[in-house]
Colleague: 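Here you go, one structure.
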There are 2 protein chains.
Amino acid sequence: MKKVYLNIIPKLGVLQDFDIAEASNLFFLKILKKDQCIVRPGTNSQYIYFLLSGLVYSHTIEEKINWYEFEGQSFADIESVFFNKQCDQYIRCAEDSSVVSISKDNLLYLVKTNHKWAVWYALFLEEIIQRMYYYYKNLLVKDASQRYSELIELHPEIIQRIPLGHIASYLGISQVSLSRIRAGRQTKKS
Amino acid sequence: MKKVYLNIIPKLGVLQDFDIAEASNLFFLKILKKDQCIVRPGTNSQYIYFLLSGLVYSHTIEEKINWYEFEGQSFADIESVFFNKQCDQYIRCAEDSSVVSISKDNLLYLVKTNHKWAVWYALFLEEIIQRMYYYYKNLLVKDASQRYSELIELHPEIIQRIPLGHIASYLGISQVSLSRIRAGRQTKKS
DNA sequence: TGACGTTTTTAACATATGTAAAAGGAAATC
DNA sequence: GATTTCCTTTTACATATGTTAAAAACGTCA
């Protein structure tokens, strides 16, 4: 039994170690190098991933960065998993990383055959909703300079890990604007 | 038995009429007048609503409009229901409306005691994720003029139902900018 | 019809932000 | 040590968008 699975799958007050151990043949570990792609545009990626270590990000074909996910978080290509469409983004490692994955089919098998896993999945989806809502509201009510402040407050080390051009892209502004924000000559919204 | 419940609660390929009928004592119908509040800032609204008829919208204390929901859709105060926080928005009727509601507690009771309802809730949450992702991606990749075009394409009658000032607020732009978009003298992003 | 209030558009101006290009700085390579 | 390359900041300029105010359009009601 691979203990690594026990720690990265959130129990959410529902599962116990042996529930995960019992299902461990449905989970797979992958070791990934920096810049390696986990998901490519035009494919359909029916997997949910749990990030054991490293840093992954999503970006469009035009190199616009959509999100970053840090160690301990889960991620997936939403359009594939929840819309069953071909995805239109890359999911890529910003650093050497390791992930545990489970296919949507296998997860739904657990959900449909096991009440515990059904409750777990519902609570897991609630967490996804929380994260997505947080991102959504960030976009809706905060300007780029607020979002930059909060990013470096939450992940101060990101400056060392990611070039500012990528952070600007993530924030949805030009690198010039980010420089102005960092230099403090930027009018703030609120 | 109130048949109205049977039609507004989505079955999602899991429930049958009698499942909903069996739980119908947990659902409540409300008739609401135009401008009436369903949710107020500073309260905690632990209800999920299904909009039978009418039109509801969310707006902040500063009158910024966050979203509209049309007949047949469900809605809730996300911060209350999924974060258990006090909400910071109004949810208000743009027209005379009627809704069916269920409390989060009662819903979780169904989920925890009935496998069918657990699967149903998971699929329902997947639908919420789809809708939220759609809103999120709209904000992320589309400019106001695109979002305006798609809004009137999807709901052409909205122009008759809602003043343009509210639509501008919903789009996150000034009414002056919306006038410029409508007059066609507006540079588009793509 | 005329007067009034509301909604929408237009005009004038200030400013924030993007683009393009140059300059500065840091790290790696020869 | 010098050169190269990459990353970041700065400058100059063009433009989209907000604010404010005025004008126009529209509906209601006497």
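So that the names make sense, note that chain A is the first sequence line, chain B the second, and so on, each numbered from 1. Keep in mind the model is a prediction, meaning the values are calculated, not measured.
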Colleague: How long is the gap from CG on A:Leu26 to CD1 on A:Ile102, to the nearest 0.5 Å?
Modeller: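 Rounded to the nearest 0.5 Å, the CG-CD1 separation comes out at 5.0 Å.
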Colleague: Quickly work out the B:Gln160 CD to D:dG27 C1' distance and round it to whole Å.
Modeller: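 So the CD-C1' distance, B:Gln160 to D:dG27, works out to 14 Å.
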Colleague: For every nucleotide of nucleotides 8-13 of chain D, 5' to 3': is a protein heavy atom under 4.0 Å from its base (B), only from its sugar-phosphate (S), or from neither (-)?
Modeller: BBBBB-
Colleague: Nearest whole angstrom, please: distance from the P of D:dC7 to the CZ of A:Arg161.
Modeller: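 Value for this atom pair: 18 Å.
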Colleague: So, B:Asn44 side chain and B:Lys85 main chain: donor-acceptor pair closer than 3.5 Å or not?
Modeller: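 The answer is yes, because a donor-acceptor pair under 3.5 Å joins these two groups.
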Colleague: Please state how far atom OH in B:Tyr148 lies from atom C1' in C:dT8, giving the value in whole angstrom units.
Modeller: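 Roughly 12 Å, once rounded to whole Å.
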Colleague: For residues A:Gln46 and A:Asp105, is any side-chain donor paired with an opposing acceptor at under 3.5 Å?
Modeller: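 No.
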Colleague: Quick one: OG on A:Ser97 to CG on A:Leu52, what's the gap to the nearest 0.5 Å?
Modeller: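 So the OG of A:Ser97 and the CG of A:Leu52 are separated by 10.0 Å.
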Colleague: Between atom CD1 of B:Ile38 and atom OH of B:Tyr49, what is the distance when rounded to the nearest 0.5 Å?
Modeller: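 Going from the CD1 atom of B:Ile38 to the OH atom of B:Tyr49 covers 6.5 Å.
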